[in-house]
Amino acid sequence: MAKMTLDQLRKLREEKKQDLTRREVEGKEIQVIVGMGTCGIAAGAKQTFDEIVKAVEEYGLGKDVIIRQTGCMGLCYVEPTVEVVMPGMPTVIYGKMTADAAKELVRKHLVEKTLLENHIFDRPAVDIVKK
Amino acid sequence: MHYALGDYVLDITQNAIEAGAGRVRVELAESDEAVSVVVSDDGIGMTEEELARALDPFYTDGKKHARRKVGLGLPFLVQATRQAGGSFRIESRKGEGTTVAFSFPTGNVDSPPLGDIPELFRAILCFPGGHEMEIRRTRTSSRGDLAYELARSELAEALGGLERADSLALLRDFIVSQEED
């Protein structure tokens, strides 16, 4: 990324208005939070983030889902990490969320409302997770 | 140790804001030899007596936290700089403000020494309050040279406020871009 000026930042803000509405909080009950600390970015969290944005649009979930960034969640060994907060589902932190896994996450967790096995690293009670 | 270094910067910056500053300036300079930080504010400042107490770990004025009996921010920082072979300096005038300066030898801290710079700067720029916040970041080292300044008021104007999640995402992109050589 080349150095940006304040004018370019203003322009970017205008250009990204559509992107930004994706991140509007009001009226949206589902949160997908991507860990984008240095560890996450180094492990490919930007590609994960982009893939989630794309998949959410593909499944027509844009009006219900807010996609956010956060810093390191403390699970650096399984970066990229993604937390999903959704009514009727346990809040889950998924790890090893490559771009491919991110697409699968949107399908399984957000559309089919089932947990994405083998990527769960925190939060849900042990008895929910199938071995 | 880089997370701790960033925490020191945040801690000192928070002190400046809590001292009623209208303007806080954070300067971070990095070279192959040292990582140096200067935080200056125009807050209420301290008398010489108050300044001496500020470095006493078992003293707090009780204004910020009614039940807390220790004030460990500055003493921990002083201890860390001594142990790492760095330096620490504090100057303050009652009614005029305070300047805290400290440095660590680059060879005695992790790399990158200040950890996640975009996250650190976002946290500094988004401290609650109506104060102006300025950050000057320089790096002159074998990793490449950098020099840029950020001002909270300018960024808030360009982004239409810094409170929203979307503004913060753009702010992060902006800071990442400034970190390019």
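Atoms considered below: every heavy atom in the structure, side chains included; atoms not considered: hydrogens, waters and symmetry mates. Throughout, protein chains are lettered first and strands after them, A, B, ... in sequence-line order, and every chain is numbered starting at 1. Keep in mind the model is a prediction, meaning the values are calculated, not measured.
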Task: ILVMFWY network linking B/Leu114 to B/Val38, side-chain heavy atoms under 4.5 angstrom - done: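 B/Leu114 does not cluster with B/Val38.
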
[atom1] of [X] to [atom2] of [Y]: how many Å apart, nearest 0.5 Å?
{"X": "B/Ile175", "Y": "A/Met4", "atom1": "CD1", "atom2": "CE", "answer": "10.5 Å"}
{"X": "A/Leu9", "Y": "B/Leu159", "atom1": "CG", "atom2": "CG", "answer": "4.5 Å"}
{"X": "A/Arg68", "Y": "B/Leu168", "atom1": "CZ", "atom2": "CG", "answer": "9.5 Å"}

TODO: Show the numbers, then the answer: is there a side chain to side chain contact (heavy atoms under 4.5 Å, CB included) between A/Lys3 and B/Leu146?
DONE: CA-CA 11 Å; A/Lys3 255 184 194 168; B/Leu146 285 177; 4.2 Å; yes

Open item on the list: Please check: side-chain N/O of B/Arg172 versus main-chain N/O of A/Gln69, any donor-acceptor pairing under 3.5 Å?
Closed with: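 Flag not set: sc B/Arg172 to bb A/Gln69 has no pair under 3.5 Å.
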
More than 12 heavy atoms of other groups within 6.0 Å of [X] [atom1]:
{"X": "A/Arg107", "atom1": "CZ", "answer": "yes"}
{"X": "A/Lys54", "atom1": "NZ", "answer": "no"}
{"X": "B/Glu49", "atom1": "CD", "answer": "no"}
{"X": "A/Lys103", "atom1": "NZ", "answer": "no"}

Open item on the list: I want to check something: taking the side chain as every heavy atom from C-beta on, are A/Met36 and B/Glu119 in contact at a cut-off of under 4.5 Å?
Closed with: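 No, side chains not in contact.
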
Task: Contact summary for A/Gly37 and B/Asp116, nearest pair of heavy atoms - done: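 Looks like CA-OD2, 3.6 Å.
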
